[in-house]
Amino acid sequence: MLLFTPGPTPVPEAVRQAMATPTLHHRTPEFEAIFKEARERLMNVFGMDECVILASSGTGAMQSCVLNLCKKKALTINAGKFGERFGKIVTAMGKELVELKYEWNTPASLDDVKNSLETDSDIDSIFIQVSESAGGLRHPVEEIASYVKSVNPKIMVIADGITAVGVENIDVSHIDALVAGSQKAFMLPPGLAMIGLSSHAVDVIGEGVDYYFNLASEIKKQQKNTTAYTAPTTLIIGLNAIFDEMEKEGFDALYSNTKTRAKATQGALEAIGFKIYPSTPALSMSTVIDEDAEPIRKLLKGKYGVNIAGGQDHLKGKIFRINQMGLIPVNESAWVINAIEMALSDLGRRTFDGTASRVFNEIYYKKGA
Ligand SMILES: *Cc1c(COP(=O)(O)O)cnc(C)c1O
């Protein structure tokens, strides 16, 4: 079965092997050397001044950013499940909330953000997804971040990059915290959350708040290549192993391959009559809105050996999402698109003629030409 859900993503064989080694004690020079290596490589991918690794799912990192970087009132962008989650966390942590809500195919508007900041001077932080996975949407994060900083550099900009870090080069010039998670573009099992931080964010964190999610105590320890509590040693070994794989061709190649694959998939889907759901598609996944989304997913899983994701809430049964994150062999993506065309034929919607594969290959192999 090909796992083509936009998280979790498949774990490559070399990474699984690396994680199958005997357990190390975490308070040892051996593990500290491994941690140091992972931390330096992570800092390089984030392109930021500081980073923190947490043993939690991605939501733990989102919560720790709310706790440590929002003092009073947060502005959140809700264009899907994950943006909605930021709002719920803010409320659960007892902070004030202003939420901008959008349909799940619609990116946040800069004008709305401007309006909120102009009318409410208590807002001290803004929380937004780079790629909102609920509808496969890309928000104009860089533009919004740059505007926010031009109005008031003290306002913290927190970007959830869980389906964007490792997918594309994100301009972090105006971002204070960028969140990543292990089970998406990093092709690791779930359980590791990572945050890139600006030096301004480190200042704002100060002494930190909370106990487990106190970013100040983690930063202090992690600067010494250790962790406040027991480190997820296996996953950190895995992180170095996936970096080994990704660095073989380098991150520029990874970003460029991901982009070309996403464009080729989108072109192929459109060529066989599908409609792409988001108005600004993220590169992390290809999202189609279609009334046969569920029958197509069932055929893919039962007949063609491909597992893709559906939709949630009001989009349940209405969309399907194909993963583009990670080191994906291009022949697998080509098979997925071909299987979708065959499923359309099974449903009697279209006579199979190989259009999807042809268009996929044309777009993919024209890259750089
Ligand atoms: C997967 C995901 C998360 C984190 O979810 P966890 O289940 O807590 O790991 C957060 N934001 C986005 C955009 C995601 O896709």
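One-based numbering, in listed order, for ligands and for the atoms of each. Sequence positions, counted from 1, serve as the residue numbers for this chain.
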Do the two ring centres, one from Tyr229 and one from Tyr211, sit under 6.0 Å apart? yes
Is it the case that the ring center of Phe320 lies less than 6.0 angstrom away from the ring center of Tyr277? no
Indicate whether any N or O donor in one side chain lies under 3.5 Å from an N or O acceptor in the other, for Tyr304 and Asp346. yes
If a pair satisfies side chain to side chain donor-acceptor pair (under 3.5 Å) and one of its residues is in residues 171-191, list it, with sequence neighbours excluded. Lys149-Asp176, Asp171-Ser173, Asp176-Ser198
Which N/O atoms of ligand 1 sit under 3.5 Å from a protein N/O, and at what distances?
from: ligand 1; atom 1: 8 (O); to: Ser57; atom 2: OG; distance (Å): 2.5
from: ligand 1; atom 1: 8 (O); to: Gly58; atom 2: N; distance (Å): 3.3
from: ligand 1; atom 1: 8 (O); to: Thr59; atom 2: N; distance (Å): 2.8
from: ligand 1; atom 1: 8 (O); to: Thr59; atom 2: OG1; distance (Å): 2.4
from: ligand 1; atom 1: 9 (O); to: Gly58; atom 2: N; distance (Å): 2.9
from: ligand 1; atom 1: 9 (O); to: Gln183; atom 2: NE2; distance (Å): 2.8
from: ligand 1; atom 1: 11 (N); to: Asp160; atom 2: OD1; distance (Å): 3.4
from: ligand 1; atom 1: 11 (N); to: Asp160; atom 2: OD2; distance (Å): 2.5
from: ligand 1; atom 1: 15 (O); to: Ser133; atom 2: OG; distance (Å): 2.5
from: ligand 1; atom 1: 15 (O); to: Lys184; atom 2: NZ; distance (Å): 2.7

Distance-only polar pair, side chains of Thr226 and Arg27, donor-acceptor under 3.5 Å: yes
Taking the side chain from Asn78 and the backbone from Gly80, do they hold a donor-acceptor pair closer than 3.5 Å? yes
